[in-house]
Amino acid sequence: MRINGDMPPEKEKEEEEGKTVSLSTQQPQKLVVVGYALTSKKKKSFLQPKLEVLARNKGILFVAIDLNRPLSDQGPFDVILHKLLGKDWCVAIEDYRKRNPEVAVLDPPDAIEHLYNRQSMLKDVTDLNLSGCYGKVCVPRQMVVINDPLSIPHEVSKAGLKLPLVAKPLVVDGTAKSHELFLAYDQCSLSELEPPLVLQEFVNHGGVLFKIYIVGEAIKVVRRFSLPNVTKQELSKVEGIFRFPRVSSAAASADDADLDPSVAELPPHPLLEKLARELRHRLGLRLFNVDMIREHGTKDVFYVIDINYFPGFGKMPDYEHIFTDFLLSLVQSKSGLLGKLKNSRFSFSVIQNGKMSKSQCPCVRAQELQFETNHHFTTFMSHCLSCFVTTQPAQGL
Ligand SMILES: Nc1ncnc2c1ncn2[C@@H]1O[C@H](COP(=O)(O)OP(=O)(O)OP(=O)(O)O)[C@@H](O)[C@H]1O
Ligand SMILES: O=P(O)(O)O[C@H]1[C@H](O)[C@H](O)[C@H](OP(=O)(O)O)[C@@H](OP(=O)(O)O)[C@@H]1O
């Protein structure tokens, strides 16, 4: 396909080989091939026609990865998007990532795994210090119960957790069961719950929740309806545990609803910027969302109650634009970094010495790596490419 006039011979060859597409602009673009490995549910919610059409117009092609064939026989890909469970997939994608540092694999399986457990998922938020950012970000007090439901009432009172409590399955694995949540009004009824679970203090927040979507550097925040406040009177009268629906996951947005302005006011942007930047870096992820609530009666005390990997981006306004821009930026920043690494004194010294000292390390995680073989160096390159995209340009390059 050629729409425009003259083209350099090498471009012509590339295009014949199907590697480039000519769009309506003067310059033919190299096709960006995005392999995806997603459940059929996720494919349906994410790969909507409006995304595929816009992507095609921008020279991005989505290709389904065949899970019955080795990954190495497929592609070549520029980017891989994945959200699948199971050890086999994790091993396959991790191995592919190491062997193909030039491919942007979103995201590292061990980093994703961190969000599949409701205890570890919030740990990085607990460690954050966002002072001077127009607000305070906390995590509700919570405890984990692994077994013996009969011991829960005693454990809860020992830990000093206040009722009501939200009971959430410990592991989030994309199944409906892992999103089955209960609200517990009294201590005795807690022994009816099924561990393993997390018991989290319910924070009154006026029935509105903020979903902060993060796609690389981009942030989008929306309001969603959430659970109403639990009054002291209600708490003193009601007993038992009650299952509640996935109210804030419903596509209905609270953005246009007639809400109390003190409840509806979005968290300050500098706070969200800092939160997103810190979490992107600490979690080592580029595609996630954060569920945040404002403590009722306060202006600037926020709680993070949930973080989801590769959430329902299809519900995010403008997601097709944000996502395609992100995919293109990945490919651009990657080629920039590869060029710098190849030419830098830094990479030369790494290869020559076979080892890297902490002071040379451009990112936190690479400090753990040692380069005794070429394969180790490749691993480092792959790691640094993702770090480069998630954080800032590596030092010393
Ligand atoms: N500690 C809390 N205080 C107040 N409300 C809460 C709390 N935890 C959860 N909720 C309410 O329950 C809803 C679901 O909680 P959470 O996001 O943790 O579960 P989930 O199964 O991971 O949901 P999803 O993946 O659909 O976002 C929240 O959106 C919010 O409405
Ligand atoms: O409202 P959001 O986008 O947070 O709702 C998400 C939910 O949080 C989970 O991330 C779901 O993904 P899985 O855990 O993989 O089931 C999303 O499902 P999806 O099918 O819509 O992508 C929810 O939308």
Exam field: side chain Tyr319 to backbone Phe46, donor-acceptor pair closer than 3.5 Å: yes
Candidates Arg118, Glu201, Gln200 - the one meeting side chain to side chain donor-acceptor pair (under 3.5 Å) with Gln142: Gln200
Residues, nucleotides or ligands: over 12 heavy atoms within 6.0 Å of Glu234 CD: yes
Shortest non-hydrogen contact from Leu170 toward Val198: CD1-CG2, 3.6 Å
Side-chain donor or acceptor of Arg294 paired with backbone N/O of Lys299 under 3.5 Å: yes
Heavy-atom closest pair, residues Pro149 and Leu193: CB-O, 3.4 Å
Distance (rounded to the nearest 0.5 Å) between Ile214 CD1 and Asn289 CG: 7.5 Å
Pairing residues for Asp260 by the side chain to side chain contact (heavy atoms under 4.5 Å, CB included) criterion, not counting sequence neighbours: Ser262, Val263
Gly174 backbone acceptor or donor facing Lys83 side chain under 3.5 Å: no
Mutual orientation of the aromatic rings belonging to Trp89 and His82 [parallel < 30°, tilted 30-60°, perpendicular > 60°]: tilted
Option from Ile307, Ile305, Val304 for which side-chain contact (heavy atoms from CB on, under 4.5 Å) with Asp291 holds: Ile305
Ring pair (Phe, Tyr, Trp, His ring centres under 6.0 Å) partners of residues 108-159, not counting sequence neighbours, each pair once: none
